[in-house]
Amino acid sequence: MGQVLKGIAVAIGQSLAHGVVVPGLIEFLNASPTAFHAVDEAKKRLVAAGYEQVLEREDWILEVGKKYFFTWNYSSIIAFAIGKKYVAGNGFHIIGAHTDSPCLKLKPVSKVTKGGYLEVGVQTHGGGLWRTWFDRDLTVAGRVIIREAKNGSGSVSYSHRLVRIKEPIMRIPTLAIHLDRGYNDEFMFNTENHLLPVLATSIKAEINKNGAADGSGNSSGQTNGKNGNERTTTNSSKHHSLLLQLLANQIGCEPDDICDFELQACDTQPSIIAGARKEFIFSGRLDNLCMSFCSLMALIASSSESSLEDETGVRMVALFDHEEAGSNSAQGAGSPLLINDMSRITNSFDPASKALIASSSESSLEDETGVRVVALFDHEEAGSNSAQGAGSPLLINDMSRITNSFDPASKALIASSSESSLEDETGVRMVALFDHEEAGSNSAQGAGSPLLINDMSRITNSFDPASKALIASSSESSLEDEDEDETGVGMVALFDHEEAGSNSAQGAGSPLLINAMSRITNSFDPASKALIDSTSSESSLEDETGVRLVALFDHEEVGSNSAQGAGSPVMLDSLSRITDSFGPDSKLLEKAIQRSFLVSADMAHALHPNYMDKHEDNHQPKMHGGLVIKHNANQRYATNAVTSFIFKEIAAKHNLPVQTQLGSWNGTWNI
């Protein structure tokens with residue numbers, strides 16, 4: 001870390017002396033109206049400095065003394081230089097910054113027409129000073145997913161394009177003082193109704209409309225028989241034809257070739273060096289493109305071949321997206337992106353390594369009698385109850401696992417359980433280490449839970465004559481000549497707590513028996529089997545190269561953080577075990593995850609006729625309107641242009657209509 005920080009000081013000091021760093025920053029700011037553009041600009045500078053791009057979906061073949069980078073979602077980038085004396089387990093020296101800034105992002109349905117004007121629907125991203133967006137010359141920039149024909153073969157491909165319209169095309173006008181005399185006392189506005197950029201007048205747009213931009217050819221946007229390919233189009237029913245035409249002109253395609261996009265409103269006023277003594281930088285997005293630029297240039301300045309000669313670690317800069325929205329997206333600092341990167345680098349030099357980060361020196365622990373722990377939790381601002389928050393089981397689970405590794409009781413049980421020591425034993429020796437004693441022991445892992453009694457019951461039943469009698473009478477041969485009139489199931493049920501009334505979780509009054517009967521019945525039930533047969537028959541899997549998976553989690557209504565919830569390790573453990581069954585290589589799981597696609601399925605809330613104000617006008621899910629894709633600028637849902645496009649393509653292939661639902665930032669209609 002010292003070398004990277006030194007690199008910042010040296011780079012800035014030398015650059016200031018030669019008047020280089022500030023012009024470079026201005027150039028970077030003006031080239032980066034969005035996070036996508038910032039990453040693209042960073043890539044150019046890294047490539048020019050000798051950095052090699054590695055791809056997330058491919059195996060990484062890394063060498064000491066070399067420099068690499070990779071991008072994620074085109075909006076996050078991680079660059080690193082590996083010291084020539086690096087070995088697996090050595091530390092990482094990391095500087096983190098973020099590429100996004102508060103802005104106004106275009107809605108999935110941005111078409112708004114009011115009062116004779118064409119307006120563009122936007123939603124707020126991050127915590128911005130939204131009043132400063134009034135009366136500015138605005139344009140749009142971001143990324144677009146477009147459809148391209150493949151060399152006249154009749155097939156098509158899809159590509160990601162950066163776009164930026166440089167001239168001002170929009171403005172958010174302030175209400176005239178004549179109509180708001182209290183403006184200077186208190187400027188109050190509603191971000192949904194008043195923060196709408198004006199694109200054009202309806203009359204002017206109609207006069208200039210032509211066949212290429214009128215959207216009359218395909219209003220549904222679902223399918224088109226061209227070249228036999230079904231198409232999903234971002235058409236004029238969702239966005240103004242004028243806006244689509246401007247984007248198409250900038251990219252060099254037809255408006256109908258635009259499949260989806262992630263765009264934001266941008267100020268066209270350039271960043272400049274200003275002030276009477278030219279000592280200030282007048283610019284937006286300084287938070288945090290300024291630190292992104294300085295971190296990037298510091299890494300480049302400190303990673304020459306000679307400077308890596310004696311380096312034993314890895315120097316790294318991580319520029320994340322979505323910090324303004326909480327960092328919890330797949331591209332944010334709260335994602336596994338950084339730790340996965342560190343893991344892949346470490347494994348490239350020691351595949352068998354289990355110690356990802358060795359940051360504590362041996363000498364510093366010489367007289368230590370405890371365990372040193374640093375716990376950096378996410379979501380503190382949201383209440384700490386997420387799967388990554390301080391209220392989750394993360395810390396207590398880790399502490400429990402560490403403690404059990406050194407626990408005398410556990411070790412004593414192992415030591416006293418040799419084959420000879422059990423020769424004359426008539427009972428069962430057991431150690432039970434429960435969690436949550438301090439909280440009353442009543443949790444699912446506590447001493448008050450059924451854990452111990454269930455284990456004791458299962459052990460006892462394994463040796464119980466009645467249970468063994470059922471087993472003995474149920475061999476394959478004994479059932480061969482079973483009474484032809486027998487149409488039921490032979491069963492022995494041994495309940496606990498009969499003396500106490502049988503109403504416990506293990507008693508005859510519990511759902512245990514009925515649940516068992518239900519599960520046995522469902523095993524032979526045509527409806528249950530139909531679900532499995534219709535998705536996983538042998539023929540349907542003939543050409544399948546992946547794994548089809550449905551995960552139905554419990555406890556979503558209380559936050560998903562239980563041992564059965566979506567915030568638990570259940571899903572990751574399942575993926576890991578499936579992958580390990582076909583190959584124990586630790587890299588395979590990482591590769592599998594990068595190539596996976598997950599749909600989180602929940603109920604959408606249809607428009608209620610008595611509460612129409614609970615939905616924004618352009619995003620009103622209706623009964624019989626089709627599948628619903630949920631969007632939110634602050635990544636409350638994980639939907640982005642890529643995932644939305646893929647889902648819509650799948651729906652179009654099966655002739656399923658799709659509609660959108662928007663989650664707002666406020667409590668009025670936040671779903």
Side-chain angles (χ1 to χ4, degrees), residues 103-125 128-141 165 167-210 212-216 219 221 234-247 249 255 261 263-269 607 609 611-622 631 633 659-666 668-670:
C103 66
L104 301 177
K105 292 194 174 185
L106 271 65
K107 292 179 178 178
V109 178
S110 69
K111 186 176 183 178
V112 178
T113 304
K114 291 193 301 185
Y117 292 93
L118 305 185
E119 295 185 295
V120 178
V122 294
Q123 52 185 333
T124 58
H125 168 79
L129 296 171
W130 306 123
R131 64 179 181 274
T132 66
W133 286 76
F134 285 83
D135 298 324
R136 285 186 176 272
D137 297 336
L138 301 177
T139 186
V140 294
I165 300 175
E167 64 268 19
I169 61 172
M170 305 186 303
R171 191 177 184 87
I172 306 173
T174 304
L175 186 64
I177 189 66
H178 313 76
L179 303 176
D180 186 10
R181 292 297 181 183
Y183 171 85
N184 290 320
D185 298 325
E186 188 174 22
F187 182 29
M188 300 291 292
F189 61 93
N190 182 294
T191 57
E192 290 302 318
N193 301 326
H194 306 143
L195 205 62
L196 288 172
V198 174
L199 182 67
T201 62
S202 300
I203 294 177
K204 188 70 172 178
E206 188 67 28
I207 292 174
N208 289 277
K209 185 164 61 174
N210 54 58
D214 66 5
S216 60
S219 62
T234 303
N235 56 51
S236 58
S237 66
K238 299 178 181 177
H239 307 283
H240 288 301
S241 298
L242 176 59
L243 177 61
L244 294 174
Q245 188 64 57
L246 289 170
L247 293 171
N249 292 344
F261 57 60
L263 300 176
Q264 64 189 59
C266 305
D267 191 356
T268 57
Q269 182 176 342
L607 181 68
Y611 297 94
M612 296 184 67
D613 60 337
K614 296 297 183 182
H615 288 276
E616 196 265 346
D617 290 344
N618 285 328
H619 303 85
Q620 297 180 338
K622 296 180 174 62
H631 293 260
Q659 50 187 333
T660 58
Q661 176 177 336
L662 191 68
S664 171
W665 67 273
N666 59 34
T668 304
W669 41 270
N670 194 354

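A quick note: this is a predicted structure, and the numbers were derived from the prediction, not measured.
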Query raised in the report: Considering all heavy atoms of both residues, which atom of H619 and which atom of T660 are nearest to each other, and what is their separation?
Result: CD2-OG1, 3.2 Å
Query raised in the report: Any side-chain heavy-atom pair from F261 and L244 closer than 4.5 angstrom?
Result: yes
Requested in this report: Might you confirm whether atom CD1 of I177 has over 12 heavy atoms from other residues, nucleotides or ligands at distances under 6.0 Å?
Outcome: yes
Query raised in the report: Can you check whether L247 reaches V140 side chain to side chain, under 4.5 Å on heavy atoms?
Result: yes
Query raised in the report: CD of Q269 to CG of L138: how many Å apart, nearest 0.5 Å?
Result: 11.0 Å
Report task. Could you tell me whether the side chain of L199 reaches within less than 4.5 Å of the side chain of M170, counting heavy atoms only? Result -> yes
**Report entry** Closest heavy-atom pair and its distance - H125, W130
**Finding:** O-CH2, 3.5 Å
Query raised in the report: Closest approach of K622 and Q659, non-hydrogen atoms and distance?
Result: N-OE1, 3.0 Å
Query raised in the report: To the nearest 0.5 Å, what is the distance between CH2 (W133) and CG (L195)?
Result: 8.5 Å
**Report entry** Name of the residue among K238, Q123, H239, K105 meeting side-chain hydrogen bond (donor to acceptor under 3.5 Å, both in side chains) with S110
**Finding:** H239
Query raised in the report: Rounded to the nearest 0.5 Å, how far apart are OG1 of T139 and CG of L246?
Result: 8.5 Å
Requested in this report: Output yes when a side-chain donor or acceptor of T268 lies under 3.5 Å from a complementary backbone atom of D137, and no otherwise.
Outcome: yes
Requested in this report: May I have the step-by-step check of side-chain hydrogen bond (donor to acceptor under 3.5 Å, both in side chains) for T174 and D135, ending in yes or no?
Outcome: CA-CA 6 Å; T174 304; D135 298 324; 2.5 Å; yes
Report task. Write down the atom of V112, the atom of G121, and the distance for their closest heavy-atom approach. Result -> CG2-N, 3.9 Å
Requested in this report: Quick one: closest heavy-atom pair of V120 and L196, and the distance?
Outcome: O-CD2, 3.6 Å
Query - Atom pair SG/CZ of C266 and R136 - distance to nearest 0.5 Å - result: 12.0 Å
**Report entry** Close side-chain approach of H631 and K107, heavy atoms under 4.5 Å
**Finding:** no
Query - Heavy-atom donor-acceptor pair, E119 side chain to K114 backbone, under 3.5 Å - result: no
Report task. Check whether more than 12 heavy atoms from other residues, nucleotides or ligands sit under 6.0 Å from atom OH of Y117, and answer yes or no. Result -> no
Query raised in the report: Side chains of P197 and I172: closer than 4.5 Å at any heavy-atom pair?
Result: yes
Report task. Determine the minimum heavy-atom distance between S202 and L118, stating which atoms define it. Result -> OG-CD2, 3.8 Å
Query - Working for side chain to side chain contact (heavy atoms under 4.5 Å, CB included), residues T124 and L104 - result: CA-CA 5 Å; T124 58; L104 301 177; 3.9 Å; yes
